[in-house]
Every structure is written in C-alpha cells, then in structure tokens.
Amino acid sequence: MDTPVRHGRPDVTTTEIVGGPEPLVVGLHETDDTWPRVYRQHEQRIREALGDGFDVAVEHIGSTAVPGLAAKPIVDLVVVVPDVADEAAYLDALLGAGYELRVREPGHRLVRTPERDVHVHVYQQGAPAVDAYLLLRDHLRTVAADRALYEQTKRDLLTRRWDDMNAYADAKTAVIEAIKERARARRRSEGA
C-alpha cells in the first residue's frame, strides 16, 4: 500500500483511535441557542492557538450548526489547514490550547475538549469531506423535510445501545448520503 502524500509529506495510512472505542453516553438535546456561542469561542481559541500567520479556515458543522435541529450536545468544528500531514504546524498548538487528540487517520485528525463537548475535525485544503460537511449543514438549515428526517433517524437510532460512538455515526450514513445527494441535486438545479 502506498503512503498518501500531501504537499510532499507522507500521511498516516491507518486509523488510530486514541483511547479505543467509547460508548455513546449522550442523547439528543433540543436545539440550544448557546451552541453558536460555543462555536465562536472555540473558533477564537483555535485561531489564537495557531496564530495570525497560519492560513486556516474554521466552520461550525454538524447538527449543532443547524438551528431547530435536536443534537447531541457536542459542538463540531472543521478546521482547514494547508497540509494535514504536517502535524507540527498545528497539532502541538491545538494540544497546547487544551484539546486532546482522539483520532489520527488518513486525511483527518480529530481533537476534542477533555469534557468531550467540542470536537475539532482537521482536514487540509481541498479535502472533499469539508465540502460534504458544509453541503449537509447548509441544506439542513434550509430544507425542513430533510432536517426532520435526519432528526427522526437520530432519535430512532438512539433507542438502541451503542458500545462505540463511531458505530452510531456509521449507522446514520445511508440517510446522510441520501440527504447529501438531494443537496447536490438542489445545488445543481440552482446553478451553484
């Protein structure tokens, strides 16, 4: 297997989940007006940690970024860096700002708060995952039927016990992909 190369640096080739699988212990909460404020606080914390000279984009993603959508009370952010494999450029700064490394996998790093209430997904510029996150977020903000479908799917899944939070996330994949396909079709029809 070839090592993925990003901007001349080899990236990791396996997935490392620091601390191993964790059970899902939080349920859905009704939308919370504090989630955007929490996002802004962490956006500022991240920008200050990385410094003014570091080229970075930060966005609020996930269910807490969609007004009116019930969500696990975990605020997700995506941080876009020039080269995700160049961990020296950003990871130590994020760890120094109080985040903990949770996932290291090809093209993606995840750090989170010790309280586990904020997840920071790090990708590099041009990563398709970033566009997918933003596409889903923006679509759910504007299309009530898909927002309701997604919320009901999460509610149904949370009636089950999940020994691994990642398994819960994977169980939503089919619905998320169907919604994203409708979002892409809508984008095409609007000429965006």
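Along the sequence shown, the residues carry numbers beginning at 1.
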(message) One pair to check against side-chain hydrogen bond (donor to acceptor under 3.5 Å, both in side chains): Arg186 and Thr142. What are the steps and the verdict?
(response) CA-CA 11 Å; Arg186 183 171 170 242; Thr142 58; 3.0 Å; yes
(message) salt bridge (charged side-chain N to carboxylate O under 4.0 Å, His left out) for Arg187 and Glu181? Distances and angles first, verdict last.
(response) CA-CA 10 Å; Arg187 180 192 278 174; Glu181 185 51 42; over 6 Å; no
(request) Determine, stepwise, if the pair His42 / His60 fulfils side-chain contact (heavy atoms from CB on, under 4.5 Å). (result) CA-CA 10 Å; His42 285 274; His60 188 185; over 6 Å; no
(message) If you apply the rule side-chain contact (heavy atoms from CB on, under 4.5 Å), what do you find for Leu158 with Asp156, and how did you get there?
(response) CA-CA 5 Å; Leu158 284 172; Asp156 292 345; over 6 Å; no
(request) Would you sort out whether Arg116 and Glu100 count as a salt bridge (charged side-chain N to carboxylate O under 4.0 Å, His left out), showing the intermediate values? (result) CA-CA 9 Å; Arg116 302 178 183 178; Glu100 299 174 340; 5.9 Å; no
(request) Dump the intermediate steps for side-chain contact (heavy atoms from CB on, under 4.5 Å) on Lys154 and Val175, then the final yes or no. (result) CA-CA 10 Å; Lys154 293 191 299 180; Val175 169; over 6 Å; no
(message) Pair Val58, Arg47 - check side-chain contact (heavy atoms from CB on, under 4.5 Å), show working.
(response) CA-CA 8 Å; Val58 183; Arg47 289 185 184 284; 3.9 Å; yes
(message) Does Glu22 form a salt bridge (charged side-chain N to carboxylate O under 4.0 Å, His left out) with Arg102? I'd like the steps, not just the answer.
(response) CA-CA 11 Å; Glu22 295 175 337; Arg102 175 66 178 146; 3.6 Å; yes
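Listed for the Glu151 side chain is a donor-acceptor partner under 3.5 Å among the backbone atoms of Ala70. Side-chain N or O atoms of Asp11 include one that pairs as donor or acceptor with a backbone N or O of Gly107 at under 3.5 Å. Remark: the backbone N or O of Pro67 is not paired with any side-chain donor or acceptor of Thr31 at under 3.5 angstrom. A donor-acceptor pair is defined here as one N or O able to donate and one able to accept, closer than 3.5 Å; such a pair exists between the side chain of Gln124 and the backbone of Val84.
Judged purely by distance below 3.5 Å, without hydrogens or angles, the side chains of His139 and Asp146 pair a donor atom with an acceptor atom. With no hydrogens or angles considered, a side-chain donor-acceptor pair links Gln125 and Asp55 at under 3.5 Å.
A salt bridge does not link Arg37 to Glu43: none of the charged nitrogens lies less than 4.0 Å from a carboxylate oxygen.
Between Leu101 and Leu95 the shortest heavy-atom distance is N-CD2, 3.6 Å. Closest approach of Gly98 to Pro114, counting heavy atoms only: O-CD, 3.3 Å. Considering all non-hydrogen atoms of both residues, Arg141 and Arg147 come closest at O-NH1, 3.4 Å. Minimum interatomic distance between Thr13 and Pro106 (heavy atoms only, all atoms of both residues): C-CG, 3.8 Å. Taking both residues in full, the closest heavy atoms of Leu69 and Leu140 are given as CD2-CD1, 4.4 Å, listed atom of the first, atom of the second, then distance. The nearest pair of heavy atoms linking Asp76 to Thr64 is N-OG1, 3.9 Å.
Leu50 is connected to Val120 through a chain of hydrophobic side-chain contacts under 4.5 Å among Ile, Leu, Val, Met, Phe, Trp and Tyr, so both are in one cluster. Hydrophobic clustering (ILVMFWY, side-chain heavy atoms < 4.5 Å, transitive): Val78 and Val122 are in distinct clusters. Tyr123 and Leu134 fall within a single hydrophobic cluster, where Ile, Leu, Val, Met, Phe, Trp and Tyr are joined by side-chain heavy atoms under 4.5 Å apart, directly or via other members. Residues Ile61 and Trp35 are members of separate hydrophobic clusters, defined by side-chain heavy-atom contacts under 4.5 angstrom among Ile, Leu, Val, Met, Phe, Trp and Tyr. In the hydrophobic clustering of ILVMFWY residues, with side-chain heavy atoms under 4.5 Å counting as a link, Val111 and Val38 come out together.
For the atom pair CZ (Arg112) and CG (Leu94), the distance works out to 15.0 Å, reported to the nearest 0.5 Å.
Two residues are said to be in side-chain contact when any heavy atoms from C-beta on lie closer than 4.5 Å; Leu135 and Arg184 meet this criterion. Between Val80 and Val56 the shortest side-chain heavy-atom distance does not fall below 4.5 Å. Looking only at side-chain heavy atoms (C-beta outward), His108 and Thr15 stay at 4.5 Å or farther from each other. In this structure, the side chains of Glu105 and Thr14 stay at 4.5 Å or more apart for every pair of heavy atoms. A heavy-atom distance below 4.5 Å is found between the side chains of Asn166 and Ile17. The shortest distance between side-chain heavy atoms of Lys72 and His29 does not fall below 4.5 Å.
Counting heavy-atom neighbours within 6.0 Å of Asp170 CG, excluding the residue itself, gives a total above 12.
The aromatic rings of His121 and Tyr133 are tilted relative to each other, their planes meeting at an angle between 30° and 60°. Note on ring orientation: taking the six-membered ring where Trp is involved, the planes of Phe54 and Tyr90 are tilted (angle from 30° to 60°).
Both the sub-6.0 Å distance and the 45° axial angle are satisfied by Arg45 relative to the ring of Tyr99.
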